[in-house]
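Report on the following structure.
So you know, we letter chains A, B, ... as the sequences are listed, proteins then strands, and number each from 1.
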Number of protein chains: 2
Amino acid sequence: MTDALRSAGAAPTLEDVARAAGVSRATVSRVINGVRNVDPTIQEAVREAVSVTGYTPNRAARSLVTRRTDAVALVVSGTGVEPAEGADGADGEPHTADGGEPPEGAGEGSFTARVFADPFFGRVVTGVVDYLRPRGIHPVLMFAESAWARDEVVAYLRQGSADGALIVSTHAEDPLPALVAEAGLPAVLYARPTRPARISYVDLAHRDGARLAAEHLLARGCRRIATISGPLDVPAGQDRLAGFQETMARHGHPYIPVAEGGFTQESGEAAMERLLTEHPGLDGVFAGNDLMATGACHVLRDHGRKVPEDVAVIGFDDSGAAAACRPPLTTVRQPVEDMAAEMARLLLDRLAEPDRPATSVIFEPTLVVRASA
Amino acid sequence: MTDALRSAGAAPTLEDVARAAGVSRATVSRVINGVRNVDPTIQEAVREAVSVTGYTPNRAARSLVTRRTDAVALVVSGTGVEPAEGADGADGEPHTADGGEPPEGAGEGSFTARVFADPFFGRVVTGVVDYLRPRGIHPVLMFAESAWARDEVVAYLRQGSADGALIVSTHAEDPLPALVAEAGLPAVLYARPTRPARISYVDLAHRDGARLAAEHLLARGCRRIATISGPLDVPAGQDRLAGFQETMARHGHPYIPVAEGGFTQESGEAAMERLLTEHPGLDGVFAGNDLMATGACHVLRDHGRKVPEDVAVIGFDDSGAAAACRPPLTTVRQPVEDMAAEMARLLLDRLAEPDRPATSVIFEPTLVVRASA
DNA sequence: ACCGTCACGGAGAGCGCTCTCCCTCAGGTC
DNA sequence: GACCTGAGGGAGAGCGCTCTCCGTGACGGT
């Protein structure tokens, strides 16, 4: 009758299974977790009892003793407001409200909305999830765009609600990596932290990617080349620009017109307009990412320039936007999914061996030639 | 000295705080959870002790007793393979490697990758997160594209790893809603389930949206109108088509050429090509979503048709793709973020009052007029 | 026949928290 | 003064699990 009550009421516990199988709790636990040797006959009996009772281990109880949750925080970090001084007007970071209170915000302008407007994050999620899933780890989505949100992330980890964090930072000067590192919480970053910290990360050799783009443009015969850079307060933006300028200089083009964008299509359009006004004769453009390259293509066409005949355009990332663009974009591929998976791998390694020192893995970009250049 | 050891070693517990404040565990708990009256002086002492010890409540321990995790599963459900055309095979479950094994898959073709290729999901996440965050609830991202994955989701919920589920189904004949409903697990769906189930959902009045599009095209003077439908095994695809045909019929256009697409840009391109071959004279197109509309615009331009002068194009969703398209798309807006937030609200309501009956909330679409029609 | 040495199962002590009791004490009330 | 009341605080029993011990019995070497 206890069984009857059980099946009707609360979820079955280890105790119930043990009783049903005629063994002790410990044995059931051993069978379930596949640890130590258990007599095959008993194993069978336990499995039988498990399926009869419809038992599912209670995660909270397990976590309480193992100190593991099999969950990791996947946090998108950035700044909602936090002035990002340095760069002046073109900071590309709209000023939203950012109090000490949890954000009640929603809609178009919210941080979360902006984040997912970029296909980049979807790719990160894909890479992370595809790696974590077969390993039984679940990602908890978090955003850390304000001081309040950052504290929440740290608290979340300290509470042991997640075993570690995968942090994708959209901004330099992001305080989160330092916070997490100081607290000694296991974490891995996407992109090198601005200030060095004892924390692992994966990154791309942005300069090499920009070099690839420059060389391709040059090899194509372009001679009046300009670039639409990403935001200059983001390392990726800086590095791509620097690498591009560097290579161009080495090939005898010490001066390259630059228009700063904000990694969005609209900002790419605006930047292209500016470039076109000041340098109507340009015949090649390297954009800091595909979204901006797409915007550039639109503007070029609006101005009667054919891509690639009149102006060659190269993007960066090889995101979905690159293939969707007309013409399809020649672009520098960033293997985001692989990088995200590696990030997850580094974190899991670290969790397995807490003493393991921080490491970094740098990926090499490749040129994907399509129609735009 | 105990304190010294504490601060160096393990995380402080309630016990530590209690000792520091000179009260009992129960009192500290009361202060932290703000339940019952506690003397203001003692409250202050406890808060002080909390900050001195750097205490953070352990979530697992709390969950163990409260039976709440303050986490919800945000699950994207669907089937491994997209096409499912013909829609005859009725089973809706295309045959993928759908064994008992966890998927090790990754990259371009993986379910997760395809999911995030569509801006739609980013918007759902945005809506959900923006609603949940201020309420201290965290979303755990899950995918349920195979029998294995579905079982995992159910197990996850049964384990009490999450308090409930928000399910976004990409496919009709998706078995997950039924599984979850049967198990009596709290859940809310995005889009009405194919087979009615005792489960709440939010949805859009797709037919009304399609009517808006039809009327706009007609009012514009289009007379040779065709449509690119979404996949016909998805309710949203069916309803939008049906609503469109219905309205057109009512206005004296009983026959409307239809090309079925798969909600992707490429499928929109292919469908447009087909339409153009068979009906070169068409002057208006309604696409089942913005991605396909964007593809249609590309193809139309490739064929020398000006949008909207020669052919008017209307999309559906008002996703980021609509504004990014050249020309910007006139489209039927689906307030995804609001709908997602509502979905979260319904779930939280249900968790607060478990007996509350299942409800549904239907949103009305609106027409957003831009340049393409 | 004896003593390791395994292989295997059970007992039971927690993990850190919440929450129900129960106790105490101040302030009425009759 | 006896009694009630309600506010405020403590004790302690678990929540369901893991894991360290320890006990037992089978086996083999000497």
Side-chain angles (χ1 to χ4, degrees), chain A residues 2 5-6 9-47 49-50 53-70 136 155-161 163, chain B residues 2 6 9-47 49-50 53-70 155-161 163:
Chain A
T2 306
L5 284 175
R6 274 294 173 193
T13 74
L14 252 202
E15 191 70 52
D16 299 317
V17 179
R19 207 177 310 128
V23 296
S24 74
R25 257 188 358 261
T27 301
V28 178
S29 176
R30 283 195 270 260
V31 171
I32 285 171
N33 298 304
V35 37
R36 259 187 49 175
N37 276 333
V38 175
D39 188 279
T41 325
I42 295 191
Q43 272 190 45
E44 198 35 56
V46 169
R47 275 187 233 294
V50 165
T53 52
Y55 172 74
T56 330
N58 177 307
R59 206 115 165 183
R62 177 178 288 175
S63 290
L64 184 55
V65 29
T66 58
R67 265 109 213 308
R68 283 272 258 148
T69 58
D70 289 345
Y156 194 77
L157 292 168
R158 295 214 323 139
Q159 285 174 32
S161 304
D163 298 333
Chain B
T2 307
R6 273 296 171 191
T13 75
L14 252 201
E15 190 70 51
D16 300 316
V17 178
R19 207 178 307 127
V23 296
S24 75
R25 259 193 351 267
T27 300
V28 178
S29 176
R30 283 195 270 260
V31 171
I32 286 171
N33 297 304
V35 41
R36 260 187 46 172
N37 275 333
V38 174
D39 189 279
T41 325
I42 295 192
Q43 272 191 46
E44 197 35 56
V46 169
R47 274 187 233 295
V50 165
T53 51
Y55 171 74
T56 330
N58 178 306
R59 204 116 166 185
R62 176 178 290 175
S63 290
L64 184 55
V65 28
T66 59
R67 266 115 212 304
R68 283 271 258 149
T69 58
D70 288 345
Y156 194 77
L157 292 167
R158 295 215 322 137
Q159 285 174 31
S161 304
D163 299 332

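Partners of A/Arg67 according to the side chain to side chain contact (heavy atoms under 4.5 Å, CB included) rule, which considers only residues two or more places apart in sequence or in another chain, do not exist here. A/Tyr156 is linked by a ring-ring contact (aromatic ring centres under 6.0 Å, His included) to B/His138, counting only residues two or more places apart in sequence or in another chain. By the side chain to side chain contact (heavy atoms under 4.5 Å, CB included) test, A/Ala61 pairs with A/Asn58, B/Leu64, sequence neighbours left out. Every residue two or more places apart in sequence or in another chain was checked for a side-chain hydrogen bond (donor to acceptor under 3.5 Å, both in side chains) with B/Thr66, and none qualifies.
Distances shown here put a side-chain N or O of A/Ser29 below 4.0 Å from the OP1 or OP2 atom of D/dT18. Side-chain N/O atoms of A/Asn33 include one lying less than 4.0 angstrom from OP1 or OP2 on D/dT18. Between A/Arg67 and the phosphate of C/dG16, there is a side-chain N or O to OP1/OP2 separation shorter than 4.0 Å.
To the nearest angstrom, C1' of D/dC19 lies 12 Å from CG of A/Leu14. If you take CG of A/Leu64 and C1' of C/dC15, they are 4 Å apart, rounded to a whole angstrom. Regarding B/Ile32, its CD1 atom lies at a distance of 7 Å from the P atom of C/dT18, rounded to whole Å. Note: CD (A/Glu15) to C1' (D/dT18) measures 14 Å, nearest angstrom. Atom CG of A/Asp16 is separated from atom P of D/dC15 by 11 Å (rounded to the nearest Å). To the nearest angstrom, P of D/dG10 lies 14 Å from CZ of B/Arg19. Atom CG in A/Asp70 sits about 14 Å away from atom C1' in D/dC17, given to the nearest Å. Across the protein-nucleic acid pair, A/Arg68 atom CZ and D/dT18 atom P stand 14 Å apart, rounded to whole Å.
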Nucleotides 7-14 of chain C: protein proximity per nucleotide (B base, S sugar-phosphate only, - neither; heavy atom, under 4.0 Å): -BBBBBB-

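B/Ser161 approaches B/Thr69 most closely through the heavy-atom pair O-OG1, 3.6 Å. Nearest heavy atom pair, residue B/Ala21 against residue B/Ala49, reads CB-CB, 3.7 Å. Considering all non-hydrogen atoms of both residues, A/Ser24 and A/Ala18 come closest at C-CB, 3.7 Å. Taking every heavy atom of both residues into account, A/Leu14 and A/Tyr55 meet most closely at N-CE1, 3.4 Å. Heavy atoms only, all atoms of each residue included: A/Pro12 and A/Thr53 are closest at CG-O, 3.3 Å.
Each end of the helix from C/dA1-D/dT30 to C/dC30-D/dG1 gets its own axis from five base pairs, and the two axes differ in direction by 50°, given to 10 degrees.
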